[in-house]
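Below: one structure, written as structure tokens.
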Amino acid sequence: GAVVSQHPSWVICKSGTSVKIECRSLDFQATTMFWYRQFPKQSLMLMATSNEGSKATYEQGVEKDKFLINHASLTLSTLTVTSAHPEDSSFYICSARGTGYTATNEKLFFGSGTQLSVL
Amino acid sequence: GQNIDQPTEMTATEGAIVQINCTYQTSGFNGLFWYQQHAGEAPTFLSYNVLDGLEEKGRFSSFLSRSKGYSYLLLKELQMKDSASYLCAVSARPGGGNKLTFGTGTQLKVEL
């Protein structure tokens, strides 16, 4: 099946710094990528939808200037958490939907997730 | 928006059968997924239903009733490794764009 690589797996940073998370589709072209955030014992909350070559669409309540998303190619999307604070500590997961998958089977392929801890 | 409900926790015995229910309310329904997630890991795909009825895949089966906004995941011959969170997710296209929304997840604990 399709593989989505997410890097890094975990990161610890100081408050005020920026952190970049990469999500790559390894064997398919990802026209759309999704970024989710998950707090402990809670479900995945969609943050934004990223389409290659266009601006990301953010969910209500998600600050687009704080969570910068770049989907510059069909295989790479990045999420940058700018000026991170302890409340941004969470598990961030990307998922991708690629070309070749019909509208009747919208199976997403998930990255392995990034655990962000802001001190 | 979408409203997805599933029980928070369930406990079952090894070798038994367990059914995890999910109810949803949405417009532009385009399918329902079940994912398994172990702590600290990404979700893994279990099943997909877009038409009414039962889909069977080994020890796992998933059922959908679109008119009732209802689905369940059935796990047979439970094993200890099945202890995980099970996420119900609804795909919908409100306003034209497909979006996958997750329920809060059901934490299943399998005991001896």
Side-chain angles (χ1 to χ4, degrees), chain A residues 1-10 21 23 30-51 54-62 89-98 101-117, chain B residues 1-10 20 22 24 26 28-51 55 57 62 64 66 83-109:
Chain A
V3 177
V4 175
S5 173
Q6 185 173 342
H7 178 82
S9 299
W10 57 271
I21 302 170
C23 183
T31 53
T32 304
M33 288 187 172
F34 302 88
W35 287 95
Y36 292 86
R37 179 169 53 184
Q38 186 177 35
F39 293 106
K41 297 187 178 182
Q42 295 186 24
S43 191
L44 284 76
M45 297 300 295
L46 180 64
M47 299 175 66
T49 302
S50 165
N51 293 298
S54 63
K55 291 184 178 180
T57 302
Y58 290 82
E59 295 300 301
Q60 191 173 8
V62 177
S89 298
S90 185
F91 191 54
Y92 293 86
I93 308 176
C94 71
S95 66
R97 184 172 68 217
Y101 292 93
T102 68
T104 59
N105 187 353
E106 296 287 347
K107 187 164 70 173
L108 295 181
F109 301 97
F110 284 87
S112 55
T114 299
Q115 181 63 52
L116 171 63
S117 297
Chain B
Q2 299 179 35
N3 189 22
I4 303 173
D5 289 314
Q6 53 181 131
T8 305
E9 296 179 336
M10 297 184 72
I20 303 174
C22 173
Y24 65 90
T26 189
F29 177 81
N30 191 37
L32 187 143
F33 296 81
W34 284 96
Y35 285 86
Q36 180 192 62
Q37 186 181 27
H38 287 96
E41 299 180 10
T44 55
F45 171 80
L46 291 178
S47 68
Y48 170 76
N49 295 68
V50 68
L51 299 176
E55 294 281 342
K57 188 184 298 183
S62 57
L64 175 67
R66 289 172 297 172
S83 294
S85 181
Y86 290 85
L87 306 174
C88 171
V90 173
S91 178
R93 49 178 62 178
N98 274 305
K99 183 184 296 186
L100 191 64
T101 303
F102 286 83
T104 54
T106 299
Q107 187 65 47
L108 174 65
K109 182 179 180 182

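Below, read A as the first sequence line, B as the second, and so on, with proteins coming before strands; counting in each chain starts at 1. All heavy atoms count here, side chains included; hydrogens, waters and symmetry mates do not.
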Interface residue of largest heavy-atom contact number with chain A, from B/A39, B/G103, B/G105, under 4.5 Å: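 Most heavy-atom pairs under 4.5 Å with chain A: B/G103.
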Pairs of heavy atoms under 4.5 Å with chain A: top-ranked of B/G31, B/S85, B/P43: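 When all of B/G31, B/S85, B/P43 are compared, B/P43 has the most.
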Interchain contact, B/Q107 with chain A, by part (heavy-atom threshold 4.5 Å):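 Nothing of B/Q107, per the 4.5 Å heavy-atom cut-off to chain A.
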Aromatic ring proximity A/F91/A/F39, centre distance under 6.0 Å: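 No, the ring of A/F91 stays outside the 6.0 Å limit from the ring of A/F39, centre to centre.
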Chain B contact via A/L44 - side chain, backbone, both or neither, heavy atoms under 4.5 Å: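 Backbone plus side chain of A/L44, per the 4.5 Å heavy-atom cut-off to chain B.
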Check against ring-ring contact (aromatic ring centres under 6.0 Å, His included), B/F102 and A/Y36: CA-CA 10 Å; B/F102 286 83; A/Y36 292 86; 5.4 Å; yes
Heavy-atom pair count under 4.5 Å with chain B, highest-scoring of A/Q115, A/Q38, A/Q42: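 It is A/Q38.
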Short side-chain donor-acceptor distance under 3.5 Å, B/T104 and A/S43: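 No, no side-chain donor-acceptor pair sits under 3.5 Å.
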Any B/L64 side-chain heavy atom under 4.5 Å of B/Y48 side chain: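 B/L64 vs B/Y48: side chains apart.
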Verdict with supporting geometry, B/I20 and B/M10, side chain to side chain contact (heavy atoms under 4.5 Å, CB included): CA-CA 8 Å; B/I20 303 174; B/M10 297 184 72; 3.8 Å; yes
